Every structure is written in structure tokens, then in C-alpha cells.
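Here's the structure we're looking at; comments come further down.
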There are 2 protein chains.
Amino acid sequence: MSKFFEILYVPFKPITKKLETCPKCSTQTFVIQAGMIRGKVRFHCKTCDYHFTQEHPEKASPQKQVHTTIKDIANIMGVSIATVSRALNNKSDISPKTRDAIQKLALELDYNPNLFAKGFQRGETKTIGVVIPNIKRPFFAGVLSGIQEVANEHGYRVMICQSNESYETEVTNIQGLLASHVDGLLISHSKETTCFNQIKNLFEKGLPMVHFDRICTEVETPKIRQEDFEGAYQLVEHLIQQGYQRIAILAGPPELLISQKRKEGYISALEKHGLPVKSEYMVHGDFSKEFALASVDAWQQLPEPPDAIFAIHYLNAVEIIQYSKELGIEIPKQIGIVGFGDEYLAEIVDPALTVFHLFPQKVGEVAASLLFDVISKKHVSQQEDVLVQGQLIIRKSSLKKA
Amino acid sequence: MSKFFEILYVPFKPITKKLETCPKCSTQTFVIQAGMIRGKVRFHCKTCDYHFTQEHPEKASPQKQVHTTIKDIANIMGVSIATVSRALNNKSDISPKTRDAIQKLALELDYNPNLFAKGFQRGETKTIGVVIPNIKRPFFAGVLSGIQEVANEHGYRVMICQSNESYETEVTNIQGLLASHVDGLLISHSKETTCFNQIKNLFEKGLPMVHFDRICTEVETPKIRQEDFEGAYQLVEHLIQQGYQRIAILAGPPELLISQKRKEGYISALEKHGLPVKSEYMVHGDFSKEFALASVDAWQQLPEPPDAIFAIHYLNAVEIIQYSKELGIEIPKQIGIVGFGDEYLAEIVDPALTVFHLFPQKVGEVAASLLFDVISKKHVSQQEDVLVQGQLIIRKSSLKKA
DNA sequence: ACACCTATCGGTAACGTTTACGAAGACTTT
DNA sequence: AAAGTCTTCGTAAACGTTACCGATAGGTGT
């Protein structure tokens, strides 16, 4: 019956324009159409001179709540949000009874404060940014680990970016970190980076920054130095003491400070012991395996090939060891090999590699500590460089005498 | 003269209480002291019944501006902040002339939006959290690299936490990431973790999550699986084909799914080829070097020592190779060794290690992609597991026939 | 009974951004 | 010229939290 009725009954649709009621003066007279706006029909009440659009009745948006807020707690407890905030932050001006009750409820609702809102309100984010060339390199992984540890102790979070040795990516990364309003920056530049206008700008704006490893000398930030000169000196001196006479160096890109410093240490050790510094023994590469092996080939073509190789990057040293074995060159008898940076690899390779270990974790810890000093304005001196000591680890690859 | 006057003239200091003026009704009568509050003297005007404290005249705080805001731009341009927002976001309802002018100015002031404020307003942070046991492990470093790459493509930032294989730290980390209101979570559990209430809770609350590597089966999150079973099967089958008969397995903690899966693959391969599955050849350790070497010792004491070892962790495999050489056991002649996970180390160690490579970077990329699918609600099926394929890489350590 | 005091609570601005919606014109059609 | 149209801009609310300040109740001392 009702079905029948439904079929027969066709609601009357008025063709004449429906009269709109002004929401302000509640009159239907003198309400005229006044164009379209954002897809909706617009009206104008001439009585009270008011523009309005048609209401959308379906406005119920049942957004499910993911996070508990202090407002929720305040509503349940029947107190103000200010009281809840005081209770949760153990501030004064609150009775122990109320405080405990609120804290208990917060625990039950597993409330945790929106750090973004908090940081937003206080103008700090409790986050630091780290820019490194590559996470996968064990050295930087170690540094990161150290940074994380210290940051956690200080209640800070860490945001990591990889430049992949690209200047452009580095600039983008820093821009991104800046947009995230990090409280401070830890930087190790890409090997491409030669223009430091961006960080110079940021430094002048007062953004706390600390450089490590791939340092920039153009800006007076605190820097974490490693024993690049000292380590190179010790390595080369050790080679000389083992009886090696013609020591070659495989350095990195000449722009990199670590290349320069390590080369200086190399030269200094040679001069100290009265050995000639020959340009044909000094090569600048790009840390690639191809370049390392090509350098070995080139050296072998010399009338006086070197009897020891100092590769400033441990990976190159390992690659040279492998390659030398292929060529039938005996290590350390015919040629001695040393490198920078101690990874597990140096111990495993046969013969084991003599290295100068840099303690990456320590570098990270020191860098982060220094950054937090800058952030909390603890240290007064603008530029404060810290030297992280390394250690000479002697293994078979350089023991000619043994 | 004036100096003289100054010396002689001592201003009259009234001993009687200074009359305070009510800031509301501007009268001095009936203004009485009304206790102390927050270290300041409080007054009460009885005329208008108003409480007030003494004003602090020095209120000028010349806070130096570090970041440019849209309000700054709006003030300079003489427009409203809404207009600036529209201009910078290329929204409609703005004239090209105004838009270009604003964008030009923004560029000059090198404005970048406060992502915290933006995320705060939109309820999203464009940040994902990653929880891993240890950054320094090459596998996780590779995964991170992959995650970063995909995250960058999606315009997301990454926040990384290390659990250091501690359940407690893991819980704290996740809590911290949650407080940072990350939009999603990528988790690889610590080997201690056996209680999953926390993430179960979060999953039910609707927080996008993806598991990888160290998976949790109790929660129906999407998971990135690796070819643990398949890889183990292939490795062991390869050993059998090389003529090894008594194959031992050095597994990890029995709770870990990768331990179980790889062991299953090991057993399956043995059974398939009609070899006996002996309990004395199956050991669960903690991935430590000490345990690995002790296991080798124990196996050597058996009446029938194994002639091949499958270490599910490549580092243990490398350690066993070194140890075997010390013991004078010839590889691969007397004993064959294979492992999981290909790092540079496996290639360098002598003899080079046969491994099943897991492509960590790929794992990271897939995990991140899947997470962004969940975040953008693209995928419909609740649980969607993805298998990242590995590859068997055969090297000397298992080539008995050669 | 009044001045004075303390403890505890509420109201609200502010942080930077986006967005819904109204206002104010200029222009076009009846 | 009134009605309708479109473009462009401003206003204000909202997000979660903290901090400043005032309000109130209940004291103590004179």
C-alpha cells in the first residue's frame, strides 16, 4: 500500500524561484540573487544589506580522534586547560589533589603532548638537523650514532639528511631543515661544496651550527677537528721507521680540507726524516675504486715505483691491497700500505691494514655536545674548535721488518 | 651653578605609602594593598572592585627575528596575511600582479614557511618515524638510505631512532616519535622485544605503520618480508650440491622471525635432499662473536663435526672464517661457510664469502613506499605483505668442487 | 569588621599557517 | 539604473600548548 502510494505520489516541484530567507533579518522580501561564489549561489538582502550563500545542511564530519589533547582532559575533568597544563608540567599554583587526579587521567588516556604545538608555542622544536654526505658510509653511521646518543640525553630529536655528495641536494636539505625550524645544525659538507653563502647567511642570522669532518673555514662556526695532520704524520713516520723509502699518497679531492691536512702531515713527516717530497708520488683522486687502481698502475710505470702507499681513505687502501695481491705484489714485503679510518674491514682484509683510527662515535658525541652548548649559549667564545684524538693501529700491511 | 644646585637639592621622598592609581577607574581613593602574587605587590580598588598589580615599565624585549613569517611580508606589502598565503601557495582568488609581487618579496627575504605551524594547522607533520636497532649496522644503514630517498620524493622528512636492541629504549623511542606526531612509522623491532602491546595499541588507533626485517606477527600491519626462507633454502641447497653432507646452522635468537624462517629454509633444503636434520647441528645464539666461536669449538668436539656452516648473520660467518684459518681448518676444502647479507666485507674476506644478498636499500624503498600508500589510504587491503627478492652470490668459501 | 595574605583556579593572548566566508568593487546584462 | 556576475581582497576561526594575569575562596592578624 505504501509502495503504491510512493509510486503515485510525485512531490510538487515549484518552478518559481524559491524565496530565500535572510539569516540576519529573517525576512524574505528584498532578497535577490547576487551572482555565484565558489560554486554556490549567492544572495543579497536589501533590507539589512547582507550577502549570504545557501547553507549546506550536511556538515557533520565525525573526525575520529587519534591524539588526546589537554582540552579533552579538561573537558572530562571539568577544569580549564590551563589547570591541566599546570598539572602535567608539575608547575606551581595547583593543589596536589587536582594534579594527581589529572596526571592519573592523562595516563589512562595515554596522553602525550603534541611536541609540535609545544615547540610552536615556545619557538623551539627540540630538534636538531644533521647533514652528511652518506649514511651508508661507516664513518658517518658511527658519527650519527654518537649524535643520537647525546641528543637523546638532552631530550632532542635528530633529523638526518644525506647530500649524496651533491651540492644542490645539500642546499635543498638545509633549506628543508630550516623550514622545519630545527634548533641547530650539524654539518659535514659534500665534496662538491665550494660555495658557503647559504650557511654563512644562516650563521649570521644566529642559527646554532657546528661543523665536523668536512669542515668549512669560511664561516666562524665551532668545528670538530680530527687528527688529520697528526694521524697522517704518524702513519708516514711509522712507514719510514719500517724502512720504506719511497712513500706515495693517494689523497682525495684537493678542495677537501681533510685532503689538505693529511697531505700536509704526509709532507711534514717526509721532511722531518729527510726524505724527498716528489710530486709524482702525490695524487689527488675522488675516492673511487677506479681512480685508486689507476693510480697504482701509474705508479708501477714509474722508473722508481713507490714502496709504500698511504691512502687517506681506508676503502681505497683495502682496494689497493686486493689489487696488489692480484698483481702479485707482496704486502708488506714489496709494498707497505696504510690508511685512515678503522673499520672492521681493515681488520679482516689480508694482510690486515695499518690505520689511523678516528673514533667516529666520539666525533658525533663531541659535535652534538658542542652544538647544545651553542644552543644553550653556554660557551662564550664564538669560535671554539675541538680536537678529537685518534689512534694509530699497526697491523700487518705495514710491518716490513717483521 | 646647576651642579651646586643638584648637590644641595635632595628630592623629597615621602615615607608614607605611595598612592596607587587604579588603571580602570583612574582614582587613587579606596585603593588598598591586597597581598602578594607571583612576587609582585597586588592592589584592590574598592571603587570599581578591581584587582591589579604594579606595572613593569621595562617591557621592551628586542627579540631578534630569525625567521621571516607571512605576517612580515603582509606588513611590508600592506596586504593581509590571507593574501600572502594565497600568493605563496598559488591558490586562486588572487590577481597575478599581487601574487608575483608577493612571491618576489618572499624570495628576497628568503622566506620559508614554518612547517611546524603548517603541519600543526593541517594536523599532519610530513614526517615519518623510523625505529631500528642500530644505525651502524650496514644493513640498517642501507635501509635508511632507501627510506630517505623515497621520503624525499614524497616531500616527507625522516626521524630516526635507535633502540640499541633494548625493548625499553624502543618503547621510549616510539613514544617520542608519537609525541612528535609523525604521520607514520617504520619499525624493525629490537631482538629483546616480545611484547607488542604498544604498537598494537597504536595500530588500532589508526596510526599508519609498516614493519620490515624484524617483523611482528601479532599486529596486522603491512610487512616487508625478505626471502629468509628462500635464501636459506638456496644457500643450503648450494652447499649440498657442492658435496657438503653435514651442514650446521648458527641461528640468532629463537624469538626472532628471521631466525625461524631461515632455520625453516635450512631444514626444508636438508629434507628435500634426503639429509638428516640433527639437533646438534642447530644452534641459536645472540649474533655475538663469542658465541659464534664457541659454537665452532663445540661442533669440532662432536664425533662427526659438520663439514659446512650456515651462519644466518654474515658477520658471524666472517668471524668463523677468520677463526677457522687460525685453527688451521681449510676453507672451502675441509669446511664450507655461507651466510646471509652481502656487505663489502664478504667480498674482501679470504676466502670470499658465499652469501644470500638482501638488498637493504631496496627494502627501505619498498617499506617507505608502502607506508606512504597507507598514509594516503591508497591501498585497500588491510594487510599487504611485500616480498623483497634477494640474490644468491656464490664465492670461494663454499666452492668445494672447484 | 577590616586590612592583608595565600593557594588555587579560570580566561585568554600568542605562536604561524590555512581556509571558509563575507565585503567591495568593477564589469555585464537586462 | 537595477540586477546579476566575477575578481580580488580582508576577517576571523582553528590547530594544541604555555604564560600572563585576574578572580575567588578561605584564611590570619589587628
Side-chain angles (χ1 to χ4, degrees), chain A residues 23-24 30 32-38 40-44 46 49-53 55-56 59 63 67-74 77-89 91-99 111-124 179 181, chain B residues 23-24 32-38 40-44 46 49-53 55-56 59 67-74 77-89 91-99 111-124 179 181:
Chain A
K24 252 192 178 168
F30 300 113
I32 58 176
Q33 211 164 332
M36 300 278 287
I37 189 163
R38 278 172 288 269
K40 289 199 279 187
V41 183
R42 193 173 183 230
F43 298 93
H44 183 213
K46 294 184 69 183
D49 189 33
Y50 181 64
H51 288 270
F52 62 95
T53 58
E55 295 290 326
H56 252 287
K59 271 281 184 178
Q63 284 280 6
H67 292 280
T68 313
T69 70
I70 55 171
K71 191 187 270 182
D72 298 329
I73 300 178
M77 290 287 295
V79 296
S80 76
I81 56 169
T83 306
V84 176
S85 176
R86 275 190 293 259
L88 296 176
N89 293 29
K91 288 287 177 70
S92 57
D93 280 13
I94 186 141
S95 74
K97 208 178 69 181
T98 315
R99 169 163 40 83
Y111 162 84
N112 45 18
N114 186 335
L115 292 185
F116 278 81
K118 185 184 288 192
F120 176 48
Q121 201 269 341
R122 314 239 305 224
E124 61 179 24
H181 278 217
Chain B
K24 251 190 180 171
I32 58 176
Q33 212 163 332
M36 300 278 287
I37 189 163
R38 280 173 288 269
K40 288 199 281 188
V41 183
R42 195 177 181 227
F43 297 94
H44 182 214
K46 293 184 70 182
D49 189 31
Y50 180 65
H51 287 271
F52 61 94
T53 58
E55 296 288 326
H56 252 286
K59 271 281 182 179
H67 293 280
T68 315
T69 70
I70 54 171
K71 191 187 269 181
D72 298 328
I73 300 178
M77 291 285 297
V79 296
S80 76
I81 56 169
T83 306
V84 177
S85 176
R86 275 191 292 260
L88 295 176
N89 293 32
K91 287 287 175 70
S92 58
D93 281 14
I94 187 148
S95 74
K97 206 178 71 180
T98 315
R99 169 162 40 80
Y111 162 84
N112 45 19
N114 185 336
L115 293 185
F116 277 83
K118 185 184 287 192
F120 176 49
Q121 201 269 340
R122 313 244 299 230
E124 61 180 25
H181 278 218

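Source: prediction; values computed, not measured. Within every chain, numbering begins at 1; the chains are lettered A, B, ... in the order of the sequence lines, protein sequences first and strands thereafter.
An OP1 or OP2 oxygen of C:dC2 is reached within less than 4.0 angstrom by no side-chain nitrogen or oxygen of B:Lys46. An OP1 or OP2 oxygen of C:dC15 is reached within less than 4.0 angstrom by a side-chain nitrogen or oxygen of B:Lys71. Between D:dG22 and B:Thr53, a contact under 4.0 Å exists linking OP1 or OP2 to a side-chain N or O. For C:dC21, the OP1/OP2 oxygens have no side-chain nitrogen or oxygen of A:Tyr50 closer than 4.0 Å. Taking only side-chain nitrogens and oxygens, A:Thr98 comes nearer than 4.0 Å to OP1 or OP2 of C:dC9. A close approach under 4.0 Å does occur between a side-chain nitrogen or oxygen of A:Ser85 and OP1 or OP2 of D:dT18. For the pair A:Lys118 and D:dG16, the criterion of a side-chain N or O lying under 4.0 Å from OP1 or OP2 is not met. Look at B:Lys91 and you won't find any side-chain N or O under 4.0 angstrom from OP1 or OP2 of C:dT18. An OP1 or OP2 oxygen of C:dT18 is reached within less than 4.0 angstrom by a side-chain nitrogen or oxygen of B:Asn89.
Rounded to the nearest 0.5 Å, atoms CZ (B:Phe120) and CG (A:Asn114) are 6.5 Å apart. If you take CD on A:Glu124 and CG on A:Leu115, they are separated by 10.5 Å, rounding to the nearest 0.5 Å. Atom-to-atom distance recorded for B:Ile94:CD1 and B:Arg99:CZ is 7.0 Å, nearest 0.5 angstrom. To the nearest 0.5 angstrom, B:His67 atom NE2 is 7.5 Å from B:Asn112 atom CG.
Between B:Arg42 and B:Phe52 the shortest side-chain heavy-atom distance does not fall below 4.5 Å. Side-chain contact check for B:Phe43 versus B:His51: every heavy-atom pair is 4.5 Å or farther apart. Here the side chains of B:Asp93 and B:Arg86 are in contact, with some heavy-atom distance below 4.5 Å. At least one side-chain heavy atom of B:His44 sits less than 4.5 Å from a side-chain heavy atom of B:Asp49. Counting only heavy atoms from C-beta outward, the side chains of A:Tyr111 and A:Leu88 approach each other to under 4.5 Å.
Residues A:Ser95 and A:Phe52 both approach DNA chain C. Their nearest nucleotides, taken by heavy-atom distance, put A:Ser95 toward the 5′ side. Summary of the strand contacts: B:Ala117 and A:Met36 both lie near DNA chain D, and taking for each the nucleotide with the nearest heavy atom, the more 5' one is attributed to A:Met36.
If you take CZ of A:Phe116 and C1' of D:dT18, they are 18 Å apart, rounded to a whole angstrom. Distance A:His181 NE2 to C:dC15 P: 14 Å, rounded to the nearest Å. In this structure, CG of B:Asp49 is placed 10 Å from C1' of D:dA23, rounded to the nearest angstrom. The nearest whole Å value for the distance from the NE2 atom in A:His51 to the P atom in C:dA20 is 21 Å. Distance CD1 (A:Ile70) to P (C:dT12): 16 Å, rounded to an integer number of Å. For B:Arg122 and C:dG16, the CZ to P distance is 18 Å, given to the nearest whole Å. Note: CZ (B:Arg99) to P (D:dT7) measures 14 Å, nearest angstrom. A straight line from NE2 of A:His44 to P of C:dG25 spans 13 Å, rounded to a whole angstrom.
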Would you tabulate the pairs of protein nitrogen or oxygen atoms and nucleotide nitrogen or oxygen atoms of nucleotides 27-30 of chain C closer than 3.5 angstrom?
none

Taking N or O atoms only and anything under 3.5 Å, show me the protein contacts with nucleotides 10-13 of chain D, one pair per line.
unit_1 : atom_1 : unit_2  : atom_2 : d
D:dG10 : OP1    : B:Ser80 : N      : 3.3
D:dG10 : OP2    : B:Ser80 : N      : 2.9
D:dG10 : OP2    : B:Ser80 : OG     : 2.9
D:dG10 : OP2    : B:Thr83 : OG1    : 2.3
D:dG10 : N7     : B:Arg86 : NH2    : 3.0
D:dG10 : O6     : B:Arg86 : NH1    : 2.9

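The side chain of A:Ile94 lies closest to C:dC9 when the candidates are D:dG22, C:dC9, D:dG16. Between D:dT17, D:dC15, C:dG22, one nucleotide has an atom nearer to the side chain of B:Phe120 than all others, and that is D:dC15.
Residue contacts for A:Phe30: at a heavy-atom cut-off of 4.0 Å it reaches no nucleic acid atom on any strand shown.
Scanning atom types as modelled, one donor and one acceptor separated by under 3.5 angstrom connect the side chain of A:Arg42 and the base of C:dA23.
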